[in-house]
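Down below is the structure, laid out as structure tokens.
Each ligand, and each atom within it, is numbered from 1 in the order the structure gives. Sequence positions, counted from 1, serve as the residue numbers for this chain. We use all heavy atoms of the structure for the numbers below, so side chains are in, but hydrogens, waters and symmetry mates are not.
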Amino acid sequence: MNIEQQYQTPNFTKKPSSLRYYQEGVPSVEPTQWQLQITEPDGLKHELTLDQLHQLPHTTTLRRMVCVCNWTIKREWTGVLLRDLFRHHGIDLTQWRGHHFKQSSVGTQEKGVYESWVELDGALERDAMLAWAVDGSPLPPQQGFPLRFIDFGLYNYKNVKGLARIDITPNAQLGHWEQLAGYSLDGTIKPKRYWAVDLRQHRFAATPGEVTSW
Ligand SMILES: Nc1nc2c(c(=O)[nH]1)N[C@H]1C(S)=C(S)[C@@H](COP(=O)(O)O)O[C@H]1N2
Ligand SMILES: [Mo]
């Protein structure tokens with residue numbers, strides 16, 4: 001296995017589609033320069049360095065992520081829950097009920113940024129998280145260093161790697177793949193058969209949303 005392959009999601013070549021990578025190209029992130037910027041609809045801004053982020057109360061959980069093009073992988077993610085991130089910044093979410101939030105990636109000069117809108121209350125309820133490590137190691141560049149958002153109840157096209165900004169917004173807009181491929185704005189994982197790259201077999205997800213039974 002060469003270095004390039006090592007950085008990729010396990011069984012990268014076994015994924016059946018092209019929607020599996022950094023659409024905008026892998027950004028080069030200088031960890032000391034990077035900041036996560038959070039803005040509230042009233043314009044209030046919050047900024048976090050990588051060090052500050054790592055100080056937040058964090059969890060490590062084994063959860064399954066699913067790509068809309070029918071592959072899935074269960075991995076051990078370490079990061080902070082979205083609700084804990086907001087709580088630690090004194091962001092009062094009761095005033096933003098019914099809102100959405102836009103995630104923007106660091107992006108690249110050539111191709112810009114990757115954006116996705118997610119409904120806020122749903123993401124909080126589903127224990128969505130911002131992860132900086134996977135399977136016990138820091139995220140490799142290809143997998144979203146230094147931080148990626150993951151809502152395990154939604155297809156992965158909703159979950160931005162190389163996260164740079166979160167903006168709480170009154171409305172949602174179509175993100176990259178919703179526009180291009182007509183995927184749902186809502187992004188809820190659908191019950192159907194998926195290729196589990198970790199199990200090396202097909203499995204059926206019987207109910208909509210996060211796959212927890214296998
Ligand atoms: N910034 C960014 N995040 C992204 C994407 C992307 O193109 N750019 N693709 C999404 C899609 S469709 C998938 S399946 C996963 C792939 O994550 P992986 O590289 O860890 O397998 O990243 C998601 N997040
Ligand atoms: Mo995907």
Specify side chain, backbone, both or neither for [X], according to which of its non-hydrogen atoms lie closer than 4.0 Å to ligand 1.
X    : answer
V68  : neither
F149 : neither
Y114 : side chain

Test item, R148 contacting ligand 1 (heavy atom, 4.0 angstrom) = yes
Per-atom contacts of ligand 1 with [X], taking only distances under 4.0 Å to non-hydrogen atoms:
X    : value
C67  : 14 (S)
Y157 : 12 (S)
W71  : 14 (S), 21 (O)
Q23  : 6 (C), 7 (O), 8 (N)

Do T49 and D51 meet the criterion of a side-chain donor-acceptor pair at a distance under 3.5 Å?
->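 Short answer, no.
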Examine K161 relative to Y22 and say whether NZ or CZ is less than 6.0 Å from the centre of the six-membered ring and inside a 45° cone about the ring axis.
-> yes
Any donor-acceptor N/O pair, T72 side chain to V66 backbone, under 3.5 Å =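 Side chain of T72 to backbone of V66: no pair is present.
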Among R203, R63, R64, salt bridge (Lys or Arg N to Asp or Glu O under 4.0 Å) partner for D198 |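 Only one of R203, R63, R64 forms a salt bridge (Lys or Arg N to Asp or Glu O under 4.0 Å) with D198, namely R64.
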Does a sphere of radius 6.0 Å around CD in Q109 hold more than 12 heavy atoms from other residues, nucleotides or ligands, not counting ones at 6.0 Å or beyond?
-> no
Which of these, V29, V26, V113, sits in a side chain to side chain contact (heavy atoms under 4.5 Å, CB included) with V106?
-> V29
